[in-house]
Protein chains: 2
Amino acid sequence: MTQDLFKEKWAIYEQHISQKGLKSTRQRDVIVEEFFGEHEHLTVEELWQRVRKIDSKIGYATVYRTLKLLSESGLAHKRQFGEAQARFEHATDHHHDHLICMSCHQIIEFENDEIETLQERVCKKHKFQLVHHKMELYGYCEKCSAKKGRGI
Amino acid sequence: MTQDLFKEKWAIYEQHISQKGLKSTRQRDVIVEEFFGEHEHLTVEELWQRVRKIDSKIGYATVYRTLKLLSESGLAHKRQFGEAQARFEHATDHHHDHLICMSCHQIIEFENDEIETLQERVCKKHKFQLVHHKMELYGYCEKCSAKKGRGI
DNA sequence: TCGATTTTGATAATCGTTTTCAATATTGAA
DNA sequence: TTCAATATTGAAAACGATTATCAAAATCGA
Ligand SMILES: [Mn+2]
Ligand SMILES: [Mn+2]
Ligand SMILES: [Zn+2]
Ligand SMILES: [Zn+2]
């Protein structure tokens, strides 16, 4: 992520909390900083483990609360990939969908405009006003397919 | 559902339990009969309410256990439409995906072979071995769109 | 019928997530 | 800077869907 984009996201976050009349705190700053730091699909637990390395006192609930704020401001997306725990990723500029490896849990992102167009066509046919969608393809990634083939 | 298909499903169910060395019970028969009775996307709670009208003594856990048996035998599919509670539908002969109304919770089913083909193409491109997928389109059905338009 | 085995319903346990609450931190005004 | 109003925190309890436990009851082949 570029420095400019990084700053822009911080600005969006700060505008969101100020507009809700909230206060800024050290804990939230650590969590947001860490969340913006890299693009992965993290569980709350995983993010909590990371922020704890910076401030070991930060509570589990605060991570939940901060992720809710980030989701509200459109900076985070909550995902449910058929696991018990939800995952959060930080929002990209373009919509994308996911391939999910059932063996190693690797997540591959993809965009496909043709599919999106066809989805809209399906909706139009049913006079359905589309808001958002979820498309997840489950199977085995290249590495895990190879392992399975060799009976590992 | 035709009478023949109905009987065929019962046969599959009975074969499944006999092959697992299980016994047949009145409670399960009531639950399976009710589940096969119509094609809806039911929560456990909703199915429990229905079977209770036939036998008020049937327990919640037995409904869960029977739905697990039906899922194992391929006669039921568990769905998670972004609600807390899972829904179960009885298996159709063809794969299909769903439009989900965010207002009235109506569920519309559709099939689109073009999309399925494109999904396979995406997987091939990533050398990904596809097992199954989830595609859910969320928005507003015709009726609810109209209501929203009129500010209701 | 009998006895081994499965099933049942009630209830407790589990697990991710949300709420509660008293102590603490932030903030704008004086 | 001091103050008071208000938001925030972390720990723990509550929540809600689902699963596990268990003793009593039902099934079923011999
Ligand atoms: Mn992603
Ligand atoms: Mn369906
Ligand atoms: Zn893999
Ligand atoms: Zn609707």
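For the pair Arg52(A) CZ and dG10(D) C1', the computed distance is 12 Å after rounding to whole Å. Put simply, CD on Glu72(A) is 14 Å from C1' on dT18(C), counting in whole angstrom units. With rounding to whole Å, Glu46(A) atom CD is found 12 Å from dT17(C) atom P. Spacing between atom CZ of Arg28(B) and atom C1' of dT6(C) amounts to 8 Å, rounded to whole angstrom units. Between Phe81(A) atom CZ and dG16(C) atom P the separation is 18 Å, expressed in whole Å. Rounded to whole angstrom, the span from the CG atom of Leu69(A) across to the P atom of dT9(D) amounts to 9 Å.
The only option from His95(A), His94(A), Glu116(A) that meets the side chain to side chain contact (heavy atoms under 4.5 Å, CB included) definition with Glu111(A) turns out to be His94(A). Of the options Thr117(B), Val122(B), Ile115(B), a side chain to side chain contact (heavy atoms under 4.5 Å, CB included) to Gln119(B) is made by Ile115(B) and by none of the others.
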Practice task
Please report the C-alpha distance between Arg28(A) and Leu69(A) in whole Å, then the side-chain angles of each, then the deciding distance to 0.1 Å, and finally whether the side chain to side chain contact (heavy atoms under 4.5 Å, CB included) criterion is met.
Solution key: CA-CA 10 Å; Arg28(A) 284 208 280 244; Leu69(A) 286 176; 3.6 Å; yes
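Ring-centre distance between His98(A) and Phe81(A): below the 6.0 Å cut-off.
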Exercise for the section: Classify every nucleotide of nucleotides 24-30 of chain D by which part a protein heavy atom approaches to under 4.0 Å, writing B for the base, S for the sugar-phosphate alone and - for neither, in 5'-to-3' order. Expected result: ---BS--
Practice task
Assign a letter to each nucleotide of nucleotides 14-21 of chain D from its 5' end: B, base within under 4.0 Å of a protein heavy atom; S, sugar-phosphate only; -, no contact.
Solution key: ---SBBBB
